[in-house]
*Asks:* 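One structure, pasted below without further comment.
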Amino acid sequence: MKEPKHELKEQLENVLKSIWLKVYEEKTKAIASNYDEQLINELLSKKYVFIENGEIKLSEEGERVARKVVRLHRLAERLLSDVLGISEHNTEISACLFEHVLSEEVEEAICTLLGHPAICPHGRRIPKGECCLEGASQIRRLIFKLSELNPGDEGEVKYLVADEPVLQKILTLGMLPGKRFRIIRVFPAYVVQLGNTNFAIDKTIADTIYALKI
Amino acid sequence: MKVALIGSPNVGKSLIFYHLTGKYATVSNYPGTSVDVTRGKIKGLEATLIDTPGMYSFITITEEEKVAKKILFDEQPDVVVHVMDAKNIERKLPLTLQLIDSCFNTVLVLNAMDEAKRLGMQIDVDLLRERLGIPVVETIATQKKGIRQLKEIIESFRGNEKAELIYFNEGIQNLIKDITSMIESSYPVRKQFLAQLLLMGDADAVEMIRKEKKFEEIIEYVKKASLRYPHSLSYEMALQIEKSSSKILSGIVSYVLPEKGSLVEKLGELTIHPVFAIPMAIAAILALYFFAGVIGAQILVDFLETFFEDNINIPLNSALEVYVPNYWLRELIGGEFGIITLGLRYAFAIILPIVTIFFFIFSIIEDSGYLPRLAILMDRLFKVVGLSGKAVIPLVLGLGCGTMATIVTKVLETRKEKIIATVMLAVGIPCSAQLGVIFSIAPDITSMIIWVSIITVVLLIAGYLASKMIKEPEPVFLIEIPTLRVPELGNVVTKTITRLEWYFKEVIPVFVVASLFIWVGRITGVFDMLVSLLTIPAGVIGLPEEAAIVFLFGFFRRDYGAAGLFDLADKGLLSVSQIIVAMVTLTLFVPCVAQFLVMVKERGMKVAILIFVTSVIIAFGVGYLTSIGLVFTNLV
Ligand SMILES: Nc1nc2c(ncn2[C@@H]2O[C@H](COP(=O)(O)OP(=O)(O)OP(=O)(O)O)[C@@H](O)[C@H]2O)c(=O)[nH]1
Ligand SMILES: [Mg+2]
Ligand SMILES: [Zn+2]
């Protein structure tokens with residue numbers, strides 16, 4: 001049995017997350033009447049939110065908490081799908097649990113391990129944490145940008161973070177998730193062996209390819 | 001019957017075209033050799049064969065890819081032959097599946113089997129044929145293997161056995177179904193396939209359905225659908241197509257122990273090695289200088305020039321004296337500026353030997369696969385002037401012929417890159433005739449170095465300024481590196497001859513017409529007027545009056561001007577510093593008429609005229625600075 005207090009925290013966080021997604025990603029309004037009154041009152045008393053014309057808005061603190069929950073959810077998705085290879089359905093369930101329990105330290109460890117990913121497996125942006133800005137860390141990493149690998153390293157493409165024209169170009173060359181490659185050279189350009197052919201790409205493109213180092 | 005050759009760049013389409021039709025389409029070892037279609041009749045068959053530029057996928061990026069796609073959509077070929085490099089079958093089969101899915105009668109050609117075998121690759125062709133339901137044939141185009149079989153297949157082809165080989169998940173299937181039901185007219189491709197293209201964000205597909213009654217509705221639907229896939233719908237679909245493809249290929253490709261890496265492969269490694277690559281590039285340039293400059297321009301030209309003077313000009317002029325009483329009629333053919341004594345002499349005695357050697361060397365370089373490797377080496381430097389490394393290809397080809405190279409700028413991806421490359425080609429990349437003449441008249445190595453440095457700096461500045469003027473995103477660089485191959489003498493010779501034919505068909509009329517113009521100009525006095533007009537800037541940069549005539553020639557063609565410069569230097573009319581100034585100015589001078597016309601066609605009148613005028617200003621401006629600089633620095 002979960003402690004009731006814990007359960008309440010989780011519910012509050014879920015409401016905050018939902019408001020955050022509405023306001024910051026869907027760019028619509030969070031209407032107060034759509035939410036459980038008791039929970040909203042609780043959030044009001046904690047000064048996480050305030051209400052204007054029937055519309056819920058996040059306070060600075062509330063926004064911080066919400067953003068963190070979103071971040072943890074999406075980091076968890078990345079970890080589960082890229083590294084552990086869990087199916088999409090199970091990923092979602094577990095990620096919803098993870099988002100409420102990860103400590104700061106664990107969060108940083110996972111983020112670093114995953115190479116500070118910018119997007120979740122569904123292509124939504126992962127809000128940045130402090131670790132992403134600092135960079136340096138002692139933790140062993142698994143996921144790297146292609147541009148961070150060295151000659152001789154082998155990797156498996158995990159995902160691409162690029163805008164449409166660049167993405168299209170990488171796709172037409174067959175650099176798709178799941179493909180194995182080997183780095184031949186990193187200067188003067190990145191030379192990558194994919195299947196039986198070598199490609200040369202510049203840093204801009206190498207920065208968009210995230211891979212599991214083998 | 002209409003048959004189209006389709007496939008990624010550099011897989012051997014043009015070579016197969018050549019074997020099937022007997023008509024030569026340029027074959028080279030770098031992606032983007034063919035930038036336009038070539039048509040021919042298949043030998044012994046009532047069928048037209050179309051060779052298309054390379055196309056990576058249905059979602060096209062560069063102009064020449066669009067040309068290939070247009071052939072598919074607009075011409076509705078009866079048979080589409082998908083040529084692929086067998087060793088890349090895993091990455092290329094998705095396009096085959098798409099071709100089948102779009103309802104084209106498809107034949108799959110696994111070319112370059114020799115190289116696949118060398119890698120230890122074995123392909124179960126029978127099983128592949130069965131799974132795809134289309135004919136599959138293995139070929140080695142360089143050895144003419146499998147070509148007869150391919151012809152038989154085309155002759156007896158009855159159509160695909162299967163229709164849908166790509167499996168999308170339910171979500172995407174539903175999207176496709178919905179869009180299909182909204183499309184009313186019929187198209188060269190199946191509606192389902194059109195729906196796929198629309199979902200993948202293909203701009204050409206949008207154009208195709210513009211006349212649909214429910215056009216707005218369809219676009220709106222696609223927009224909404226892609227919102228549901230924040231990670232990009234095209235990405236999701238590409239993944240699923242790829243999945244279908246690997247499923248079909250499972251158990252078809254196997255590997256045995258590969259043969260040992262050849263010497264050529266090791267050389268290939270070195271050409272992009274950060275330390276060895278640069279001396280290699282320099283060695284290549286020195287070899288070019290030696291062959292084209294020393295052997296071509298100095299020895300051969302000298303020999304032919306003397307021969308022409310002694311055996312044609314002198315006897316011709318004395319014969320004219322005797323038989324043609326009219327002075328102007330004599331001057332039309334002979335004399336100082338006659339069609340034969342000047343026009344044809346320039347063409348055959350000066351330009352021909354230089355250009356032949358250049359084209360020959362270029363063919364070797366093109367066929368080796370070195371150009372894409374040079375592109376890798378240059379990428380970082382090129383980014384400074386707003387180009388990606390890929391621009392090396394047109395720019396280096398520009399050292400052969402600026403007109404041809406301007407057409408090749410099509411392989412560049414962005415408008416920005418195309419304009420910058422066109423500017424650099426027009427302003428300062430010397431063409432082979434100019435280069436050859438410069439190699440041969442350069443008084444010593446110091447003046448060569450001065451010339452190279454000045455031109456390089458001007459090019460970099462011009463490129464940099466152009467890149468700052470065009471506010472568009474920076475280009476990205478991505479290139480498939482072709483296998484390094486030993487050039488085949490047969491292809492090198494055929495290509496050189498084909499190019500020379502093309503070149504002279506273009507050059508000789510211009511030279512003759514130019515001589516005619518000059519003749520008319522001299523009779524009417526316009527010639528003298530123009531020359532005296534050009535004497536002013538020529539004088540400002542410290543060149544003698546005779547140089548003005550060279551610039552006038554240069555307006556017609558670069559090589560014409562170059563030949564004139566050669567003549568001038570040969571007669572000993574220029575001092576060392578004057579030669580350097582003339583070399584610089586003439587290199588930077590206007591692009592020739594042919595190149596200008598291509599510039600208008602590819603970039604538009606406005607841009608072309610702007611570049612033209614700018615290059616005159618740059619030429620004399622830099623020429624002036626050079627002449628002053630030489631006086632002050634006392635370098636020569
Ligand atoms: N080893 C080997 N090389 C081949 C074979 N077929 C073609 N080549 C070489 O591959 C290179 C490309 O041939 P092309 O015919 O120009 O290729 P393409 O498909 O027309 O290329 P684009 O015009 O750039 O799209 C040339 O250097 C050919 O000599 C083959 O079967 N074996
Ligand atoms: Mg071709
Ligand atoms: Zn991080």
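Throughout, a chain's letter reflects where its sequence line sits, starting with A, and its residues are numbered from 1.
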*Asks:* Once you round to the nearest 0.5 Å, how far does OG1 of A:Thr197 lie from CD of B:Glu90?
*Replies:* 10.0 Å
*Asks:* In Å and rounded to the nearest 0.5 Å, what is the NZ to NZ distance from A:Lys203 to B:Lys383?
*Replies:*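 Between atom NZ of A:Lys203 and atom NZ of B:Lys383 there are 11.0 Å.
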*Asks:* So for atom NZ, which belongs to B:Lys243, do other residues, nucleotides or ligands contribute more than 12 heavy atoms lying within a distance under 6.0 Å?
*Replies:*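 No, not enclosed.
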*Asks:* Walk me through whether B:Ile479 and A:Phe199 qualify under side-chain contact (heavy atoms from CB on, under 4.5 Å).
*Replies:* CA-CA 6 Å; B:Ile479 201 168; A:Phe199 293 98; over 6 Å; no
*Asks:* Between A:Asp202 and B:Arg380, is there a salt bridge with N-O shorter than 4.0 Å?
*Replies:* no
*Asks:* Got a second to check how far B:Leu478's CG is from A:Thr204's OG1, nearest 0.5 Å?
*Replies:*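 Rounded to the nearest 0.5 Å, the CG-OG1 separation comes to 10.5 Å.
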*Asks:* Does any backbone or side-chain atom of B:Ile61 lie under 4.5 Å from a heavy atom of chain A? Answer side chain, backbone, both or neither.
*Replies:*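 B:Ile61 touches chain A through side-chain heavy atoms alone.
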*Asks:* If you count every heavy atom of other residues, nucleotides or ligands that lies below 6.0 Å from A:Glu60 atom CD, does the total exceed 12?
*Replies:* no
*Asks:* Can you tell which part of B:Met200 gets under 4.5 Å to a heavy atom of chain A, answering side chain, backbone, both or neither?
*Replies:*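 Only the backbone of B:Met200 comes within 4.5 Å of chain A.
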*Asks:* Any idea which of B:Asp85, B:Asn88, B:Asp379 has the most non-hydrogen atom pairs under 4.5 angstrom with chain A?
*Replies:*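 Of B:Asp85, B:Asn88, B:Asp379, B:Asn88 has the most heavy-atom pairs under 4.5 Å with chain A.
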*Asks:* Step by step, would you call A:Leu160 with B:Tyr235 a side-chain contact (heavy atoms from CB on, under 4.5 Å)?
*Replies:* CA-CA 9 Å; A:Leu160 310 168; B:Tyr235 178 86; 3.5 Å; yes
*Asks:* If I measure from the heavy atoms of chain A, does B:Pro475 come under 4.5 Å with its side chain, its backbone, both, or neither?
*Replies:*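 Just the backbone, heavy atoms under 4.5 Å.
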*Asks:* Mind ranking A:Val166, A:Thr172, A:Leu173 by heavy-atom pairs under 4.5 Å with chain B and telling me who comes out on top?
*Replies:*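 Option with the greatest count: A:Leu173.
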*Asks:* About how many Å separate NZ of A:Lys169 and CD1 of B:Ile59, when rounded to the nearest 0.5 Å?
*Replies:* 14.5 Å
*Asks:* Within a reach of under 6.0 Å around CG of A:Asn53, are more than 12 heavy atoms found that belong to other residues, nucleotides or ligands?
*Replies:* no
*Asks:* State the CD1-OG distance between A:Ile201 and B:Ser388, to the nearest 0.5 angstrom.
*Replies:* 13.5 Å
*Asks:* List the steps and the verdict of side-chain contact (heavy atoms from CB on, under 4.5 Å) for B:Arg91 and A:Met175.
*Replies:* CA-CA 9 Å; B:Arg91 284 189 300 114; A:Met175 194 88 181; over 6 Å; no
*Asks:* Kindly indicate whether the side chain of B:Phe477, heavy atoms from C-beta on, has any atom under 4.5 Å from the side chain of A:Ile205.
*Replies:*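 They are not in contact (no side-chain heavy atoms under 4.5 Å apart), so the answer is no.
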*Asks:* Treating A:Asn196 as the side-chain partner and B:Lys87 as the backbone partner, does any N or O pair qualify as donor plus acceptor under 3.5 Å?
*Replies:* yes
*Asks:* Most heavy-atom pairs under 4.5 angstrom with chain B, which of A:Gly195, A:Gly174, A:Pro177?
*Replies:* A:Pro177
*Asks:* Let me know if A:Ile184 has heavy atoms under 4.5 Å from chain B in its side chain, its backbone, both or neither.
*Replies:*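 Looking at A:Ile184, just its side chain touches chain B.
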*Asks:* Go through the atoms of B:Glu413 and report whether side chain, backbone, both or neither lie under 4.5 Å from a heavy atom of chain A.
*Replies:*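 It is the side chain, since no backbone atom gets that close.
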*Asks:* Hey, which of A:Val192, A:Leu171, A:Val191 has the most heavy atom pairs under 4.5 Å with chain B?
*Replies:* A:Leu171
*Asks:* I'd like to know which of B:Leu95, B:Ile376, B:Val476, B:Leu239 tops the heavy-atom pair count under 4.5 Å against chain A.
*Replies:*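 Highest number of pairs under 4.5 Å: B:Val476.
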